[in-house]
Protein chains: 2
Amino acid sequence: MNIDLASPDSAPPCGDRVAVAAKLAALSHPARIEILLHLAGSEACCCKDVVQRLDLAQSTVSQHLKVLVDAGLVRLTPERPRSRYEVDREALAALSGAVSGLLLSCCAGPHSGPAR
Amino acid sequence: MNIDLASPDSAPPCGDRVAVAAKLAALSHPARIEILLHLAGSEACCCKDVVQRLDLAQSTVSQHLKVLVDAGLVRLTPERPRSRYEVDREALAALSGAVSGLLLSCCAGPHSGPAR
DNA sequence: ATCGTAAATCGCCGATCTACGATGAATATC
DNA sequence: GATATTCATCGTAGATCGGCGATTTACGAT
């Protein structure tokens with residue numbers, strides 16, 4: 001019943017705690033953070049680039065990429081010679097805002113929360 | 001957490017990513033997000049409070065709290081009648097900053113340097 | 001037609017997570 | 001002492017994750 005309606009910032013209310021948790025789960029693996037940073041560092045790159053950089057098997061990297069794509073943090077363009085992966089910068093910015101909103105609201109103290 | 005990422009050849013913070021990933025893993029469960037918000041809403045509260053709020057078994061809640069404590073997001077004062085849990089606001093603020101920095105740096109584009 | 005490459009998928013395993021009930025320890029209270 | 005409360009821990013079952021090799025798919029090139 002703790003549905004905070006008065007979300008201060010632009011962050012949408014609470015129904016997305018599950019959604020935020022899902023995206024954070026996608027981010028909660030060092031290899032995937034590494035992949036994200038690598039993708040962000042280049043315009044777009046293919047699976048093999050990531051494999052070479054990460055010292056993981058190709059199948060493993062493909063799985064990690066899939067996790068990121070499924071979470072909506074990375075966009076996949078399945079072109080034929082080689083697929084192109086690129087970070088979804090809007091999604092990352094939105095997630096950044098959501099996480100900050102969540103964490104900072106926890107920092108704010110017992111006053112700001114509607115939980116009472 | 002088995003992390004053998006490949007070459008630490010990159011100068012940027014790398015042990016850091018593992019630490020951030022670990023904290024995000026602690027946050028990547030809806031129940032733990034809920035717990036964090038609940039703790040943030042009160043000065044300090046005990047396990048039983050959370051149990052009543054979350055409709056989970058006491059042992060399960062205790063486990064979730066332990067995850068949050070181990071991740072350094074919640075402080076535990078094991079007093080004897082009842083232990084006190086409270087959010088570590090500094091840690092949350094720091095994590096917020098780290099995550100924002102990470103995500104926004106990914107948003108910045110093929111940046112730093114002559115990447116084209 | 002055959003080969004090689006890039007990527008996705010499958011099957012498998014060990015490890016970890018989530019949840020629960022049961023048990024045990026420490027402290028009040030009667 | 002007996003009892004109740006609160007919490008941590010143990011053992012468990014089932015699900016999911018992380019990793020790999022092997023296979024499949026879809027091209028392009030020879």
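By convention in this document, chain letters (A, B, ...) are assigned in the order of the sequence lines, proteins followed by strands, and residues within each chain are numbered from 1. Since the model is a prediction, treat every value here as computed from it, not as a measurement.
Rounded to an integer number of Å, the gap from A:Gln52 CD to C:dA6 C1' is 11 Å. Distance, B:Leu65 CG to C:dA19 P: 13 Å, rounded to whole Å. Between A:Gln63 atom CD and D:dG18 atom C1' the separation is 9 Å, expressed in whole Å. As rounded to whole Å, 13 Å separates atom C1' of C:dC10 from atom NZ of A:Lys66. Atom NZ of B:Lys48 is separated from atom C1' of C:dA28 by 14 Å (rounded to the nearest Å). Rounded to whole angstrom, the span from the CG atom of A:Asp70 across to the C1' atom of C:dA8 amounts to 13 Å.
A close approach under 4.0 Å does not occur between any side-chain nitrogen or oxygen of B:Tyr85 and OP1 or OP2 of D:dT6. In this model, the phosphate group of C:dC17 is not approached by any side-chain N or O of B:His64 to a distance below 4.0 Å at OP1 or OP2. OP1 or OP2 of C:dT18 has at least one side-chain nitrogen or oxygen of B:Arg32 nearer than 4.0 Å.
With respect to B:Asp49 and B:Arg53, no salt bridge is recorded, no charged nitrogen being found less than 4.0 Å from a carboxylate O.
Across all strands, A:Ser83 comes closer than 4.0 Å only to sugar-phosphate atoms, never to a base (heavy-atom distances). Across all strands shown, B:Arg84 has no heavy atoms under 4.0 Å from either base or sugar-phosphate atoms. Within the nucleic acid shown, A:Ser59 comes within 4.0 Å of at least one base atom, counting heavy atoms only. Within the nucleic acid shown, B:Leu56 comes within 4.0 Å of sugar-phosphate atoms alone, with no base atom in reach, counting heavy atoms only.
Put simply, the side chain of B:Ser28 gets close to the backbone of B:Ala25: a donor and an acceptor are under 3.5 Å apart. A donor-acceptor pair under 3.5 Å is formed between the side chain of B:Ser100 and the backbone N or O of B:Ser96. At least one donor-acceptor pair closer than 3.5 Å links the side chain of A:Arg32 to the backbone N or O of A:Ala26.
On a pure distance criterion of 3.5 Å, no polar donor-acceptor pair joins the side chain of A:Thr60 and the base of D:dG18. One donor-acceptor pair, N or O on each side, does fall under 3.5 Å between the base of C:dA8 and the side chain of A:Gln58.
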Working for side chain to side chain contact (heavy atoms under 4.5 Å, CB included), residues B:Leu102 and A:Leu37
CA-CA 8 Å; B:Leu102 183 73; A:Leu37 287 167; 3.9 Å; yes
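The side chain of B:Leu76 lies closest to D:dA8, out of C:dA6, D:dA8, C:dG21. Nearest nucleotide to the A:Cys47 side chain, out of D:dC7, C:dA8, C:dA19: C:dA8. For A:His29, whose side chain is taken as the heavy atoms from C-beta onward, the closest listed nucleotide among D:dC20, C:dG21, D:dG18 is D:dG18.
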